[in-house]
J.: 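Would you mind keeping the following structure in view while I ask a few things?
Numbered from 1 within each chain, the chains take letters A, B, ... in sequence-line order. Reckoned from all heavy atoms, side chains included, excluding hydrogens, waters and symmetry mates.
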Protein chains: 2
Amino acid sequence: MVDGNVIISALGGAGLRITGARRAVSEAVAAHDGHFTAEDVLVASRRGGHPVGRATVFRSLETMAGLGLIERVDLPSGEHAYVACQPAAHHHHVVCSRCGRSVEVGDIGLDPLLERVQESTGYRIDSHRLELFGLCEECRSGARIASA
Amino acid sequence: MVDGNVIISALGGAGLRITGARRAVSEAVAAHDGHFTAEDVLVASRRGGHPVGRATVFRSLETMAGLGLIERVDLPSGEHAYVACQPAAHHHHVVCSRCGRSVEVGDIGLDPLLERVQESTGYRIDSHRLELFGLCEECRSGARIASA
DNA sequence: TTATATGCAAACGCTTTGCATCACG
DNA sequence: CGTGATGCAAAGCGTTTGCATATAA
């Protein structure tokens, strides 16, 4: 969970205009504790009393992703979602496969492993994508009662 | 690169019918040295003289993915692609970001790291997705000549 | 023979784009 | 003011589905 203002000020810092639509999107993003889709943002903006056009939602999310404020995540289902980030160095997200809530983990020490892969494959590895999925603490305890 | 017959026999082993369309898809998959999209398979089947319907391509790829013969990969661009697998235990793919060629790497020893993430986050991590991107040896040496 | 797989074409859902208008700075 | 941002609606793309037909077993 992130403060919407963090996003807004980051936009400002990047020389972008602070518009009503971007405020609405930022709030929607901040309101989500886990991953969310473009559609989620759209709906949230409507409920928040400041409806934003579908195209603008996509454009805003793209912008924010470019600034590293959010990150695109491909769920195992193939769905496209986003998660909020603390603008930071390298990190990964752990997404709850039940409730979608996500947490960030810092660098988990992947580099030595990648080094080894480079040696064995001859590829120069420039980037990677690691997504972790599982059950968060709450869903794990609730699992007995409400098994979805 | 994989022999198309490996795929065919795996299909047979799973009690599925060996049809012309599936042969064609298997060949197209086997012919690709790297990742490929559904569209690639469709085109390849046409060129191979055994055109397969678009829907059938998707259905076949889905089937093969279910059998672990191929795996779906989401490229950083958001594109959906597939790569052939040796039906095996846990492994990852390294995809060349220039030519798309991919190689498999076995278990790279991620488990201890995941263990640590579990402890720090409280999530029980059930699955993960690690995709590695970079330049393969050939593209790296060719990079000076044809920098794409 | 008979269930399974295929092909077609239409439906679908998500995402992007063109363009006139709006509003932040 | 002037440019960047927005909204709408339509186009675009990849993917899925319904249904009649063909075919492997």
J.: Which atoms form the tightest heavy-atom contact between B:Phe36 and B:Ile70, and what is the distance?
T.: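 For B:Phe36 and B:Ile70, the tightest heavy-atom pair comes out as CZ-CG2, 4.4 Å.
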J.: With 3.5 Å as the limit, what N/O pairs link the protein to nucleotides 5-13 of chain D?
T.:
residue : atom : partner : partner atom : Å
D:dA5   : OP1  : A:Arg22 : NH1          : 3.2
D:dA5   : OP1  : A:Arg22 : NH2          : 3.2
D:dT6   : OP1  : A:Thr19 : OG1          : 2.6
D:dG7   : OP2  : A:Gly53 : N            : 3.0
D:dG7   : OP2  : A:Thr56 : OG1          : 2.8
D:dG7   : N7   : A:Arg59 : NH2          : 2.8
D:dG7   : O6   : A:Arg59 : NH2          : 3.4

J.: In whole Å, what is the span from the CZ atom of B:Arg23 to the C1' atom of C:dT6?
T.: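 After rounding, the reported distance stands at 15 Å.
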J.: Determine the interplanar angle of the B:His128 and B:His92 rings, folded into 0 to 90°, and report it as parallel if under 30°, tilted if 30 to 60°, perpendicular if over 60°.
T.: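 Plane angle between 30° and 60°, so tilted.
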J.: Begin from the C-alpha positions of B:Arg129 and A:Asp74 and carry the test salt bridge (charged side-chain N to carboxylate O under 4.0 Å, His left out) through to its verdict.
T.: CA-CA 10 Å; B:Arg129 166 186 285 212; A:Asp74 296 301; 5.2 Å; no
J.: Look at the side-chain N and O atoms of B:His80 and state whether any lies under 4.0 Å from the OP1 or OP2 oxygen of D:dT15.
T.: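 So the side chain of B:His80 is within the cut-off, an N or O lying under 4.0 Å from OP1 or OP2 of D:dT15.
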J.: Quickly work out the A:Asp74 CG to D:dG14 C1' distance and round it to whole Å.
T.: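 After rounding, the gap between these two atoms is 14 Å.
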J.: Heavy-atom distance under 4.5 Å between the side chains of A:Leu110 and B:Leu130, does that happen here?
T.: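 They are in side-chain contact.
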J.: Got B:Val29 and B:Leu69 here, is their nearest side-chain heavy-atom distance under 4.5 Å?
T.: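 The answer is no; the side chains never approach within 4.5 Å.
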J.: Tell me, what's DNA chain D's dot-bracket, Watson-Crick or G-U with both distances under 3.5 Å, | for other-strand, [ ] crossing?
T.: |||||||||||||||||||||||||
J.: Is it the case that A:His91 and A:Asp107 place a side-chain donor and acceptor less than 3.5 Å from each other?
T.: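 No - no donor-acceptor pair under 3.5 Å links their side chains.
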J.: What distance do B:Glu27 atom CD and B:Ile8 atom CD1 have between them, rounded to the nearest 0.5 Å?
T.: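 One gets 8.0 Å once the value is rounded to the nearest 0.5 Å.
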J.: Give me the ring orientation class for A:His80 and B:His80: parallel if the planes are under 30° apart, tilted from 30 to 60°, perpendicular past 60°.
T.: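 Because their plane-to-plane angle lies in the 30° to 60° range, the rings of A:His80 and B:His80 count as tilted.
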J.: For B:Glu79 and D:dT15, what is the distance between atoms CD and C1' respectively, to the nearest whole Å?
T.: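 So the CD-C1' distance, B:Glu79 to D:dT15, works out to 14 Å.
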